[in-house]
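Here the structure is a predicted model, which means the values were calculated and not measured.
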Amino acid sequence: MWAESVAPYVDTVIIIPKVSMTIDSIPMVIGGKPVRLGYSIPTKHGATDVPIWEFRQREVHLLGGSPVHQLTVARYLNVKSADGNYMQKIARWGRFFVGRQMNYDTLSRTKKVDEDVPYIAFEQSVKNFVKAW
């Protein structure tokens, strides 16, 4: 299994279930490392066919979706980690996540910043995302 070959190089193995009714067959530990399930939040770019209730209390890593959608899904799952792709994408335009609502702002309105705008916007999103958790 490929997961055993990567286990020595990671702290946690993330497996993304693709087929309904198969989660119970996914081990809790592979190669001595804990296994976390990847849950793909439904977006226009994709989603999982595995229903959310099948993830039960297994540890989950959220894939995709906005911070607001990730926070909503986290109410139903045992979320231990989430990706920041959405926050990285909006940071390109100096936009950042503000809070639990679908609320975003731009650096040009909040701070006088001329350099490193995407990095500063991303940092602000991450700080606000951590606070929202």
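With rounding to the nearest 0.5 Å, the separation of CD in Gln88 from OH in Tyr86 is 12.5 Å. For the atom pair NE2 (His61) and CD (Glu59), the distance works out to 12.5 Å, reported to the nearest 0.5 Å. The OG atom of Ser81 sits 7.5 Å away from the CG atom of Leu62 when rounded to the nearest 0.5 Å. Between Ser5 atom OG and Ile30 atom CD1 the span is 10.0 Å, to the nearest 0.5 Å.
At least one side-chain heavy atom of Met87 sits under 4.5 Å from a side-chain heavy atom of Phe129. Looking at Val19 and Asp49, their side chains never come closer than 4.5 Å, going by heavy atoms from C-beta outward. Counting heavy atoms from C-beta outward, Pro17 and Thr48 have side chains that stay 4.5 Å or more apart. Side chains of Lys33 and Thr12 form no contact here, defined as non-hydrogen atoms less than 4.5 Å apart. Val35 is listed as a side-chain neighbour of Ile26, based on a closest heavy-atom distance under 4.5 Å. Between Ser20 and Pro51, the closest side-chain pair of non-hydrogen atoms falls below 4.5 Å.
A salt bridge does not link Arg58 with Asp24: none of the charged nitrogens is closer than 4.0 Å to a carboxylate oxygen.
Residues Ala132 and Leu71 share a closest heavy-atom pair of CB-CD1, 3.7 Å. Of all heavy-atom pairs between Ser40 and Ala47, the closest is OG-CA, 3.8 Å. Between Ala3 and Val13, the shortest heavy-atom distance links the atoms CB-CG1, 3.9 Å.
Applying the side chain to side chain contact (heavy atoms under 4.5 Å, CB included) test between Ile52 and each of Leu77, Val60, Ile41 identifies Leu77 as the sole match.
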Q.
Pair Thr72, His69 - check side-chain hydrogen bond (donor to acceptor under 3.5 Å, both in side chains), show working.
A. CA-CA 5 Å; Thr72 299; His69 290 120; over 6 Å; no

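The backbone N or O of Arg36 sits nowhere less than 3.5 Å from a side-chain atom of Lys80 that would complete a donor-acceptor pair. Looking at Asn128, its side chain does come within 3.5 Å of a backbone N or O of Phe97 through a donor-acceptor pair. For the pair Gln70 (side chain) and Gly64 (backbone), a donor-acceptor distance under 3.5 Å is present. A donor-acceptor contact shorter than 3.5 Å is absent between the side chain of Asp83 and the backbone of Leu63.
In this view, Phe122 satisfies the ring pair (Phe, Tyr, Trp, His ring centres under 6.0 Å) rule with no residue, not counting sequence neighbours.
Taking hydrophobic clusters as Ile, Leu, Val, Met, Phe, Trp and Tyr residues chained together by side-chain heavy-atom distances below 4.5 Å, Val50 shares a cluster with Tyr76. Placement of Ile15 and Val73 within a single hydrophobic cluster is found when ILVMFWY residues are connected by side-chain heavy-atom separations under 4.5 Å, directly or transitively. The cluster map of Ile, Leu, Val, Met, Phe, Trp and Tyr, joined by side-chain heavy atoms under 4.5 Å apart, puts Val68 and Val79 in the same cluster.
Sorted by first and then second residue, the ring pair (Phe, Tyr, Trp, His ring centres under 6.0 Å) pairs with a member in residues 35-54 read Tyr39-Phe55; sequence neighbours excluded.
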